[in-house]
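What follows is a single structure, written as structure tokens, with notes after it.
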Amino acid sequence: MEINQYQIVLVNLDPTVGSEIKKSRPCVVISPNEMNKFLQTIVIAPLTSNSKNYPTRVEIFHNNTKSWVVIDQIRTVDKQRISKLFDHLLPLEISKIKSVIKETFVD
């Protein structure tokens, strides 16, 4: 299974602890293709359909539905947790995600 950066994948996030996002849900692959090709893990950011206006949430449209990429819940998961591959984000959505990641974790 080839997994690419900024692709949306269905991931089983359970079991979780405390305030971590739960259940199987679409997630955006954040890790670069070089890592995705050679490692058994990927870095993802889950999607949610309900979000408050947090600065670490990026609005996207997936499957004709408004969703938010939850940058504040980025995590590393094993590829075995992936059950389905979906489409890729649009260039404008990718740009917004990169900007929020940089502002949150780099600056």
Side-chain angles (χ1 to χ4, degrees):
M1 163 181 351
E2 184 178 335
I3 300 166
N4 293 299
Q5 188 176 37
Y6 302 115
Q7 184 173 16
I8 299 173
V9 295
L10 186 63
V11 180
N12 178 359
L13 298 174
D14 290 330
T16 57
V17 176
S19 297
E20 296 171 349
I21 289 185
K22 302 167 179 34
K23 70 184 182 180
S24 288
R25 64 177 62 234
C27 298
V28 174
V29 177
I30 303 296
S31 49
N33 291 336
E34 295 80 16
M35 288 174 58
N36 300 335
K37 184 175 180 180
F38 294 107
L39 298 179
Q40 293 303 310
T41 56
I42 59 167
V43 180
I44 53 97
L47 299 181
T48 185
S49 57
N50 292 317
S51 181
K52 296 183 175 143
N53 192 20
Y54 295 134
T56 56
R57 309 288 168 97
V58 178
E59 185 178 306
I60 65 164
F61 286 90
H62 167 64
N63 220 15
N64 294 323
T65 305
K66 186 190 311 187
S67 299
W68 287 266
V69 180
V70 186
I71 301 299
D72 52 281
Q73 292 263 344
I74 288 176
R75 66 180 87 175
T76 301
V77 297
D78 193 283
K79 289 178 182 175
Q80 291 180 48
R81 290 183 176 268
I82 298 171
S83 59
K84 190 172 184 180
L85 303 176
F86 296 113
D87 50 353
H88 288 79
L89 296 179
L90 300 173
L92 182 59
E93 295 168 333
I94 293 169
S95 179
K96 288 180 186 177
I97 288 172
K98 285 180 175 183
S99 177
V100 172
I101 289 172
K102 183 175 184 230
E103 184 177 323
T104 303
F105 295 108
V106 178
D107 291 343

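All values reported here derive from a predicted model rather than from experimental measurement.
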Side-chain touch Asn33/Glu2, heavy atoms, less than 4.5 angstrom: no

Using a 6.0 Å cut-off, check whether atom CG of Asn53 has over 12 heavy atoms from anything other than its own residue. no

For residues Val70 and Val77: do they belong to one hydrophobic cluster (side chain heavy atoms under 4.5 Å, members Ile, Leu, Val, Met, Phe, Trp, Tyr)? yes

Rounding to 0.5 Å, atoms CG (Leu90) and OH (Tyr6) come to a distance of 13.5 Å

Is any side-chain heavy atom of Val29 closer than 4.5 Å to one of Asn4? no

Let me confirm one number: the CD-CD1 distance from Glu103 to Ile71, rounded to the nearest 0.5 Å. 11.5 Å

same_hphob_cluster(Ile30, Ile82) at 4.5 Å side-chain heavy-atom cutoff: no

Any donor-acceptor pair under 3.5 Å linking the side chain of Lys79 with the backbone of Asn36? yes

Can you measure from CD (Gln80) to CG (Asn12) and round to the nearest 0.5 angstrom? 11.5 Å

Nearest-0.5 Å distance, CD1 of residue Ile44 to CD of residue Gln73: 9.0 Å

Are Thr104 and Asp72 side-chain neighbours, meaning at least one heavy-atom pair lies under 4.5 Å? no

Within a 6.0 Å radius of atom NZ on Lys98, are there more than 12 heavy atoms belonging to other residues, nucleotides or ligands? no

Quick one: SG on Cys27 to CG on Leu13, what's the gap to the nearest 0.5 Å? 4.5 Å

Linking I/L/V/M/F/W/Y whenever their side-chain heavy atoms sit closer than 4.5 Å, directly or via other members, would Ile94 and Phe86 fall into one cluster? yes

Is Phe38 linked to Met1 within one hydrophobic cluster, defined over Ile, Leu, Val, Met, Phe, Trp and Tyr using a side-chain heavy-atom separation of less than 4.5 Å? no

Interatomic distance, Ile42 atom CD1 to Gln7 atom CD [nearest 0.5 angstrom]: 9.0 Å

Here the pair of heavy atoms bringing Met35 nearest to Ser31 is CE-CB, 4.2 Å

Using only atom types and a distance under 3.5 Å, with no angle test, would you say the side chain of Glu93 pairs donor to acceptor with the backbone of Val58? no

Counting only N and O atoms by type, is there a donor-acceptor contact under 3.5 Å from the side chain of Glu59 to the main-chain atoms of Trp68? no

Cluster question for you: counting only ILVMFWY and a side-chain heavy-atom cut-off of under 4.5 Å, with indirect links fine, are Ile101 and Ile60 together? yes

Sub-4.5 Å side-chain heavy-atom contact between Ile21 and Thr16: no

Keeping Arg81 on the side-chain end and Asp14 on the backbone end, is there a donor-acceptor pair under 3.5 Å? yes

Nearest non-hydrogen partners of Ile74 and Ala45, listed with the distance: CG1-CB, 4.0 Å

Locate the shortest heavy-atom distance separating Ile8 from Pro26; write the atom from each residue and the value. CG2-CB, 3.8 Å

Do any N or O atoms from the side chain of Thr56 and from the backbone of Tyr54 form a donor-acceptor pair under 3.5 angstrom? no

Heavy atoms only: give me the nearest Leu10-Arg25 pair and the separation to one decimal. CD1-C, 3.4 Å

